Protein chains: 2
Amino acid sequence: MEKTIIELEQAAHTLKLLGDKTRLTILGLVKDGECCVCEFVEVLQMSQPSISQHLRKLRDAGLVKERRNGQWIFYSLNKEHDTYPIVQQVLEQIPDQKEKLTALEKAGLRIQCDS
Amino acid sequence: MEKTIIELEQAAHTLKLLGDKTRLTILGLVKDGECCVCEFVEVLQMSQPSISQHLRKLRDAGLVKERRNGQWIFYSLNKEHDTYPIVQQVLEQIPDQKEKLTALEKAGLRIQCDS
DNA sequence: TTAATAAATAAGCATATACTTATATACTAA
DNA sequence: TTAGTATATAAGTATATGCTTATTTATTAA
């Protein structure tokens with residue numbers, strides 16, 4: 001497979017979004033699956049509007065996609081996006097965020113995606 | 001070689017610095033060698049103080065190092081830094097900036113490092 | 001010493017960013 | 001319909017950011 005070179009401007013825009021602890025954690029959380037907003041709120045211990053605003057930025061940039069399921073909206077990585085290779089590489093080099101979700105699960109706060 | 005996992009906070013800080021077109025270009029320019037401040041000024045067509053301020057941020061974060069040679073100060077990638085793997089991966093995925101230096105060279109504006 | 005050049009720093013300012021609280025919208029279930 | 005829950009959006013605000021112009025520092029060379 002030929003290597004895709006990402007435009008500098010687009011790369012900078014994506015990296016700026018990655019350059020925030022909250023958003024980087026959000027992306028780490030959806031690395032292997034989808035999460036709904038209330039899960040981010042629980043894990044990150046931040047207000048719901050604040051989380052929603054970060055998610056909007058990530059979605060506007062095309063880094064994540066959303067799927068509604070009833071009352072819940074699930075977010076996941078958009079692997080089709082031009083800059084996904086950058087996101088992927090970065091996520092491989094930071095600590096796994098999965099344990100934060102398993103902690104949620106133990107507390108019974110994890111939303112069942114197929115509910 | 002074991003993979004190094006970079007702390008989330010530190011990764012976010014580095015990514016924030018990468019998330020600016022000017023700084024990303026500067027890093028691209030020093031990917032394969034060193035450049036002095038006036039070269040950045042020429043290539044990027046920006047004011048000298050503005051370039052210096054970007055360089056200071058990159059240096060404060062440890063992403064680049066400097067070397068004085070007479071009147072000139074040469075900047076280069078700091079490959080010893082914890083987050084260098086991230087920087088390296090990102091630089092591999094954006095367009096090469098080398099041609100901008102060869103254009104300088106043709107115009108006779110490139111500083112000879114060993115002058 | 002003096003003038004010239006390279007680079008750093010300081011101060012000021014307009015805009016961007018990341019929160020906050022309040023409210024609106026969308027969906028579910030009684 | 002009505003009440004409850006999940007999420008989005010709006011508006012306000014404090015701080016951060018990236019430029020500008022002016023000045024300072026460091027080095028070179030006359």
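Side-chain atoms are counted along with the backbone in the values below, which use heavy atoms only and exclude waters and symmetry mates. Bear in mind the structure is a predicted one, so any value in this text is a computation, not a measurement. Below, read A as the first sequence line, B as the second, and so on, with proteins coming before strands; counting in each chain starts at 1.
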Under-3.5 Å donor-acceptor pair between Q71(B) side chain and dA26(D) base: no
Value in whole Å for how far the P atom of dT28(C) lies from CG of N69(A): 9 Å
Given dA18(C), dT7(D), dA7(C), the nucleotide with the shortest approach to the side chain of I73(B): dA7(C)
Whether over 12 other heavy atoms sit under 6.0 Å from K31(A) NZ: yes
Over all atoms of both residues, closest heavy-atom pair of A11(A) and I86(A): CB-CD1, 3.9 Å
Side-chain donor/acceptor contact of Q53(B) with base of dT20(D) under 3.5 Å: yes
N or O in side chain of H54(A) less than 4.0 angstrom from dC19(C) OP1/OP2: yes
R56(B) CZ to dT24(D) P, straight-line distance once rounded to whole Å: 17 Å
S50(B) side-chain N/O to dG18(D) phosphate OP1/OP2 under 4.0 Å: no
Heavy-atom pair with the smallest gap, counting every atom of E66(A) and Y75(A): OE1-OH, 3.1 Å
Gap between atoms CG and P, on L18(A) and dA18(C) respectively (whole Å): 12 Å
Nearest non-hydrogen partners of L55(A) and V64(A), listed with the distance: O-CG2, 4.3 Å
Sugar-phosphate, base or nothing in reach of F40(B), heavy atoms under 4.0 Å: nothing
K16(A) side chain near dT17(D) phosphate (N/O to OP1/OP2, under 4.0 Å): no
Atom CD of E7(B): over 12 foreign heavy atoms under 6.0 Å: no
5' priority, DNA chain C, between P49(A) and G70(A) [closest heavy atom]: P49(A)
Rounded distance (Å) that lies between atom C1' of dT7(D) and atom CD1 of I26(A): 14 Å
Phosphate OP1/OP2 of dA6(C) contacted by Y75(B) side-chain N/O (<4.0 Å): no
Shortest non-hydrogen contact between S52(B) and V37(B), atoms and distance: OG-CG1, 4.2 Å
Spacing between Q45(A) atom CD and dA18(C) atom P, to the nearest angstrom: 20 Å
Per R23(A) side chain, nearest of listed nucleotides dC19(D), dA18(C), dA8(C): dA18(C)
For atom CD1 of I51(B) and atom C1' of dA7(C), their distance in whole Å: 12 Å
Closest listed nucleotide, where the reference is the side chain of W72(A) and the choices are dA6(D), dA8(C), dC19(D): dA6(D)
Rounded distance in Å - CZ (F74(B)) to P (dA26(D)): 19 Å
hbond_proxy Q48(B) side chain to dA6(C) base (donor-acceptor, 3.5 Å cutoff): no
Nucleotide nearest C38(A) when distance is taken to its side chain, options dC19(C), dT7(D), dG18(D): dT7(D)
Most 5' of R59(A) and R68(B) on DNA chain D, judged by nearest nucleotide: R59(A)
Distance in angstrom units between L44(B) CG and dA7(C) P, rounded: 14 Å
Touch class at under 4.0 angstrom, heavy-atom based, for K21(B) against every strand present: nothing
dA18(C) OP1/OP2 closer than 4.0 Å to side-chain N/O of S47(A): no
